[in-house]
Amino acid sequence: MEPVPSTVARPTRGRVVMLVDNGVDGDSRVQKAARSAAEAGWEVILVGILKGPATEETWRIGDAEVRLIRVPRRIPHPVTYRRALLRRPLAYRPGPDGKRRMNKLRAWRDDLNFRLSEIKVAREAGGSRGAELAGKARLAAPYFVNRALFQWVKFRSQELSRLQDRQQDPDSTLDRLALKFWQTTKGDRAWRKLDPELWDFELAFAPVVDELEPDLIHAHDFRMLGVGARAALRARAGARDVKLVWDAHEFVPGIIGRPKNLRWLPAQIAYVREHAPYADAVMTVSSTLADLLRETHGLAEQPAVVLNAPPGTLTAEQRALPVPDIRALCGIGPTTPLLVYCGGINPSRGVDIMIRGLTRMPDAHVALVSVHPNGKVPIMEELEELAAELGVADRVHLLPYVPHWQVSSFVSPADVGVIPIHHKPNHELALITKFFEYAHGRLPMVVSDVKTMAEATRATGQGEVFTAEDLDDYLRAVRAVLADPQRYRAAYDQPGVLDRWTWEAQARVMDEVYSRLLPGRPPLPPAEPATGPVDPADDLVAPRR
């Protein structure tokens, strides 16, 4: 990855600044959007968040520039600094104060132990018994005070821990009253009190976006909606007509598994409601979610649907990278039944049912393509422990992610692609990335009965649907697919099924949105292909599912 200038040499249809609240390299949708928009003739600068020690990092995805910036934590959440004197008056103020006091007492105790050692050494060297007793007597009071203060500091630190636990309690009456107060008095502006950490994104991104002077801002997901809306309004106030596209990746009220304090989700909902009216166009990941967004936010027009589909064609760089052999990585031959799951793992993904199912399918193996470059997450270790406990550890294979454009080819030698997610609000709304990746690998699927995905699977006949979290029904579905896999693979031969599930088809929808907002900017002729040898290490990024 080479540093790049902020402008491109060839003519463009206009400057698009994409905003995302992650490091880009784990988000395949964002990567594909940036590359495709640049290929369509737009000058694309994608701004994301830098996690490493540097202050800024830059590289390219195709013809699109990527910039990562630091987002310092300037305004902490109220839970991190509220003292709450009425609840725990003796608790330390949140922060390092209690730990600092504890360490000072430990240092004092070590010094007292040093002085006691001096007295003992002096006595053993021939000192008088009286001098020893007098020295110990002088240390008695400091030892007592040190011990008492240590217990006091420990108690106050524990009070702080109890306070913070209580502040995270969704059933806290006091916090519920505070939440209701801010919602009543501030309305959608309440997020400023409920989660002021949202300002951190604004303070970091705003000067960068203003300096870039975009023609169009593409805000990925909900945090960047506010950043994009404010940037667009500042530009318009300065007589520059900047358009804003909100790319809604999920339905915010349906988010689960985020911070436990009851202020967080209401803050995000209010933040989105305040800024959604400023979007000139909305894109999202499914027609179900498009309907919900239009109803929730009173949108004037239906959001455009841009599915999280894989690319139908690859670049030369992508083709140059060999695809690993999934069966070789699992150490099994071509006839061994192999069930595969791709993507991140958490309890609501339901992956444990695949491991439990192995106890009743003695010949089958499970491949979990879920190991991030940063390593395993704790739940993976729990799944390994479960596999060992059930005696199937030798048939469960934890495999590393592959680049997003390789997933379909990588999983295609498997027998079944499994999506065992539980019934959660956002799980019901979209055809998730792995659904399309399995399809392009022509894999028969076994999916849980979450609404949108179950409807699509039944409509095409590409797999079986089972009742989420029901082991017996899961096994029924898997056995049905393994008994006649060609029946399900034949679904992909239907005209147009895979064609409409390609990223190229989605990119055309995205370009239509851009072109409608910025009329009079016809597509440019394609750029001349690069010459010279292909470097397969260029442009490689790891996916997030």
Side-chain angles (χ1 to χ4, degrees), residues 323-343 345 349-371 380 383-402 406-422 432-449 453-454 457-458 460-493 545:
V323 178
D325 184 333
I326 189 171
R327 287 185 174 272
L329 292 175
C330 295
I332 59 176
T335 61
T336 300
L338 178 60
L339 316 180
V340 66
Y341 170 89
C342 288
I345 297 177
R349 302 293 177 94
V351 176
D352 62 298
I353 202 170
M354 299 177 69
I355 295 175
R356 298 181 191 280
L358 290 178
T359 61
R360 292 159 63 180
M361 293 187 296
D363 298 327
H365 284 238
V366 163
L368 306 179
V369 187
S370 304
V371 181
M380 292 184 185
L383 291 175
E384 287 180 309
E385 292 173 2
L386 174 63
E389 178 184 330
L390 297 177
V392 297
D394 60 328
R395 294 188 283 132
V396 176
H397 311 278
L398 285 174
L399 305 180
Y401 280 156
V402 296
Q406 286 192 344
V407 174
S408 296
S409 298
F410 180 62
V411 301
S412 63
D415 295 286
V416 185
V418 182
I419 307 178
I421 56 180
H422 295 173
I432 59 180
T433 306
K434 62 178 66 65
F435 179 90
F436 300 114
E437 290 168 337
Y438 293 168
H440 280 271
R442 303 181 70 86
L443 271 185
M445 296 188 204
V446 168
V447 306
S448 63
D449 58 342
M453 195 155 49
T457 302
R458 291 186 177 113
T460 60
Q462 69 204 64
E464 288 287 332
V465 176
F466 73 96
T467 303
E469 303 184 65
D470 186 327
L471 179 59
D472 289 335
D473 202 34
Y474 164 76
L475 290 168
R476 172 202 60 77
V478 171
R479 287 167 177 155
V481 171
L482 291 176
D484 189 7
Q486 293 308 315
R487 169 192 165 193
Y488 301 96
R489 292 184 190 273
Y492 300 122
D493 295 327
R545 308 279 173 249

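- Interatomic distance, R349 CZ to M354 CE, rounded to the nearest 0.5 Å: 13.5 Å.
- Judged by distance alone, with hydrogens and angles left aside, the side-chain atoms of R327 form a donor-acceptor pair with the main-chain N or O of G333 at under 3.5 Å.
- Residues H397 and L329 fail the side-chain proximity criterion, which asks for heavy atoms closer than 4.5 Å.
- The two residues D470 and D473 make their nearest non-hydrogen contact at OD1-N, 3.1 Å.
- Between E437 and F410 there is no side-chain heavy-atom pair separated by less than 4.5 Å.
- The distance from atom CD1 of I353 to atom CG of L471, rounded to the nearest 0.5 Å, is 5.0 Å.
- Salt-bridge formation is detected for the pair R442/D493: a Lys NZ or Arg NE/NH1/NH2 atom is positioned less than 4.0 Å from an Asp or Glu carboxylate oxygen.
- When all heavy atoms of P485 and P444 are compared, the pair lying nearest together is O-CG, 3.8 Å.
- One finds the CG atom of L398 at 5.0 Å from the CD atom of E384 (value rounded to the nearest 0.5 Å).
- Side-chain contact check for V416 versus Y488: every heavy-atom pair is 4.5 Å or farther apart.
- Distance alone, capped at 3.5 Å, is enough to place a donor-acceptor pair between the D449 side chain and the A468 backbone.
- Looking at M361 and P337, their side chains never come closer than 4.5 Å, going by heavy atoms from C-beta outward.
- The two residues L368 and V396 come nearest to each other via the heavy atoms CD1-CG1, 4.4 Å.
- For the side chain to side chain contact (heavy atoms under 4.5 Å, CB included) test, residues two or more places apart in sequence or in another chain that qualify with A414 are L338, V340, L443.
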| Step-by-step side chain to side chain contact (heavy atoms under 4.5 Å, CB included) determination, M453 to I421 | CA-CA 10 Å; M453 195 155 49; I421 56 180; 3.7 Å; yes

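- Distance check: L482 CG to D415 CG gives 6.0 Å after rounding to the nearest 0.5 Å.
- The CG atom of L358 sits 5.0 Å away from the CZ atom of R395 when rounded to the nearest 0.5 Å.
- Between I326 and L399, some side-chain heavy-atom pair lies under the 4.5 Å cut-off.
- Of the N and O atoms on the side chains of Y438 and Q462, not one donor lies less than 3.5 Å from an acceptor on the other residue.
- In this structure, G441 and S412 approach most closely via the heavy-atom pair O-CB, 3.4 Å.
- Put simply, the side chain of S448 never gets that close to the backbone of H422: no donor and acceptor are under 3.5 Å apart.
- Within the 4.5 Å cutoff, side-chain heavy atoms of Y474 are placed close to those of V446.
- Taking all atoms of both residues into account, the shortest heavy-atom contact from Y401 to S370 is CE2-CA, 3.8 Å.
- For H440, the ring-ring contact (aromatic ring centres under 6.0 Å, His included) test picks out no residue, with sequence neighbours left out.
- The stretch residues 350-362 participates, sequence neighbours left out, in these side chain to side chain donor-acceptor pair (under 3.5 Å) pairs: D352-R356, R360-D472.
- Proximity of I355 to V392: side-chain heavy atoms (C-beta onward) are separated by under 4.5 Å at one or more points.
- For the pair F466/V478, no side-chain contact is recorded, criterion being any heavy-atom separation below 4.5 Å from C-beta on.
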